[in-house]
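In what follows, a structure is listed as structure tokens, so that the remarks can point back to it.
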Amino acid sequence: MKPPFELLEKYIEGEVTPDEKKSVRLLIKTDPEFQKEYKLRLGINNAIKEKNIMQLRYKLSMIHDQEITKNKGNVIRHIFKRNWHLAAASITILILIGSFLISNLNAPGPDNLFKQYYSPDAIFTARSSELSENLDLTTGLQKFQKQNYIEAINLLKNVSDNIVSEYYLGISYIETNQFLKAKYTFNKLTERDSNLFTEQAEWYKGLCLLKLKELPEAKALFTSISQSSSIYNQNAKEILKELK
């Protein structure tokens with residue numbers, strides 16, 4: 001007959017007999033359900049040993065003693081006796097989750113700002129002559145339109161000295177979470193002499209810096225964008241407000 005799960009608490013606390021210990025250890029090794037319950041209760045037991053939880057444990061113990069005095073024979077007494085630490089852990093987890101949610105609501109953070117402001121702009125400006133002369137560029141843009149970004153990357157990175165291929169290569173890198181490569185690609189575009197993609201390249205480079213947590217450089221770039229006539233200047237101002 002399988003020992004009840006409550007025996008696990010006695011086992012963890014070292015209150016079992018040698019035969020009970022042997023039985024529990026065997027079940028932990030052979031019974032997946034029992035093993036899962038053991039790991040759960042052991043984790044909770046370890047959690048309440050943390051310094052910040054000890055005060056809560058002491059208070060709950062005091063309440064437990066008062067309940068025994070006031071309510072002898074009450075069912076609550078049994079629940080409190082063996083499961084008070086589960087309540088303590090639950091309260092702690094709820095506090096931590098609440099703090100996390102409040103923190104995230106008040107501070108969007110770089111990742112959330114990226115999600116809020118990122119949108120891939122597709123502006124196909126390649127001349128027909130370029131497309132007809134360069135099969136990799138033509139096919140790469142077709143793959144991009146179909147959102148086959150990996151295939152687009154493999155083709156577009158073969159096209160040299162072409163601002164169209166560089167722009168869509170950068171966007172494809174973002175879409176495949178290769179933010180460092182995207183950053184370098186857009187940086188190459190910004191360093192070129194005046195071209196059709198300068199504003200977009202600066203904007204997407206800034207978003208990549210957010211994802212890479214390179215915040216000082218991101219702030220500097222968004223400040224420059226916000227003070228320019230860029231179509232992204234208002235968005236840049238909003239991001240700067242959130243990053244302060």
Side-chain angles (χ1 to χ4, degrees), residues 104-105 107-244:
N104 277 270
L105 286 173
D111 288 334
N112 287 335
L113 285 173
F114 175 87
K115 292 178 183 178
Q116 182 177 348
Y117 287 94
Y118 172 70
S119 176
D121 291 333
I123 310 172
F124 291 92
T125 60
R127 295 188 296 270
S128 58
S129 59
E130 287 183 293
L131 296 176
S132 61
E133 293 172 3
N134 196 316
L135 182 60
D136 283 339
L137 177 59
T138 303
T139 310
L141 293 178
Q142 290 173 347
K143 297 296 183 182
F144 182 92
Q145 285 181 305
K146 295 178 180 179
Q147 299 183 352
N148 295 331
Y149 299 114
I150 295 295
E151 295 180 44
I153 288 171
N154 292 332
L155 293 163
L156 294 174
K157 68 182 181 182
N158 295 328
V159 182
S160 60
D161 196 30
N162 185 290
I163 61 173
V164 176
S165 65
E166 288 175 0
Y167 176 73
Y168 290 103
L169 178 61
I171 297 294
S172 297
Y173 278 137
I174 289 181
E175 290 291 336
T176 54
N177 297 318
Q178 300 181 69
F179 298 104
L180 187 59
K181 290 183 178 180
K183 168 192 166 183
Y184 289 136
T185 302
F186 289 123
N187 193 56
K188 285 172 60 179
L189 272 174
T190 61
E191 291 176 350
R192 284 177 175 270
D193 293 332
S194 180
N195 67 77
L196 295 174
F197 296 98
T198 299
E199 291 184 6
Q200 289 86 352
E202 288 179 340
W203 172 247
Y204 287 117
K205 178 184 174 183
L207 294 179
C208 289
L209 292 171
L210 287 178
K211 288 295 292 186
L212 294 168
K213 306 299 188 296
E214 298 178 12
L215 299 186
E217 190 177 350
K219 289 180 181 179
L221 181 53
F222 284 127
T223 298
S224 175
I225 294 173
S226 70
Q227 296 171 352
S228 71
S229 59
S230 169
I231 58 174
Y232 301 102
N233 59 8
Q234 186 58 41
N235 286 344
K237 291 176 183 178
E238 293 172 1
I239 288 177
L240 287 170
K241 288 180 182 179
E242 299 293 348
L243 290 177
K244 288 181 179 179

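Throughout, residue positions are numbered sequentially from 1 according to the sequence presented. In this text, all values refer to a predicted model and were calculated from it rather than measured experimentally.
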Looking at OG of S228 and CD of E199, how far apart are the two atoms once the value is rounded to the nearest 0.5 Å?
-> 6.5 Å
Side chain to side chain, F114 and I174, heavy atoms closer than 4.5 Å | yes
Would you say the side-chain atoms of N158 pair up with the backbone N or O of N154, donor to acceptor, closer than 3.5 Å?
-> yes
Under 3.5 Å side-chain donor-acceptor pair for Y118 and E175 | yes
Are side-chain heavy atoms of W203 and S230 found at a separation under 4.5 Å?
-> no
If you take all heavy atoms of F186 and Y167, which pair is closest and at what distance?
-> CE2-O, 3.8 Å
Going by heavy atoms in the side chains, are L169 and Y149 under 4.5 Å from each other?
-> no
OH/Y173 to CG/L156 distance, rounded to the nearest 0.5 angstrom?
-> 9.0 Å
Nearest-0.5 Å distance that lies between atom OG1 in T198 and atom CD in E191 | 11.5 Å
Heavy-atom side-chain proximity of L155 to Q142 below 4.5 angstrom = no
Yes or no on side chain to side chain contact (heavy atoms under 4.5 Å, CB included) for L207 and F222, after CA distance, side-chain angles and deciding distance?
-> CA-CA 9 Å; L207 294 179; F222 284 127; 4.3 Å; yes
With distance as the sole test, does T139 use its side chain to make a donor-acceptor pair with the main-chain N or O of D136 at under 3.5 Å?
-> no
When you check the side-chain N and O atoms of N112 and Q116, is any donor under 3.5 Å from an acceptor?
-> no
Supply the atom-to-atom distance Y184 OH to K205 NZ, rounded to the nearest 0.5 angstrom.
-> 10.0 Å
Taking atom types as modelled, is there a side-chain donor on Y232 or Q200 under 3.5 Å from an acceptor on the other?
-> no
Would you check if the distance from the ring center of F197 to the ring center of Y204 is below 6.0 Å?
-> no
Kindly compute the distance separating CD1 (I150) from NZ (K143), expressed to the nearest 0.5 Å.
-> 12.5 Å
State whether D161 and R192 are salt-bridged, where the test is any N-O pair (Lys NZ or Arg NE/NH1/NH2 against Asp/Glu carboxylate O) under 4.0 Å.
-> yes
Is any side-chain heavy atom of L221 closer than 4.5 Å to a side-chain heavy atom of L209?
-> yes
May I ask you to test the D111-L210 pair for a side-chain heavy-atom distance under 4.5 Å?
-> no
Which distance, rounded to the nearest 0.5 Å, do you find between the OG of S226 and the NZ of K241?
-> 10.5 Å
Do K183 and E217 have side chains that get closer than 4.5 Å, going by heavy atoms?
-> yes
Would you confirm whether N162, through its side chain, and S165, through its main-chain N or O, come within 3.5 Å as a donor-acceptor pair?
-> yes
Nearest atoms (heavy-atom pairs only) where G170 meets A182 = O-CB, 3.6 Å
Over 12 foreign heavy atoms within 6.0 Å of NZ, K146 | no
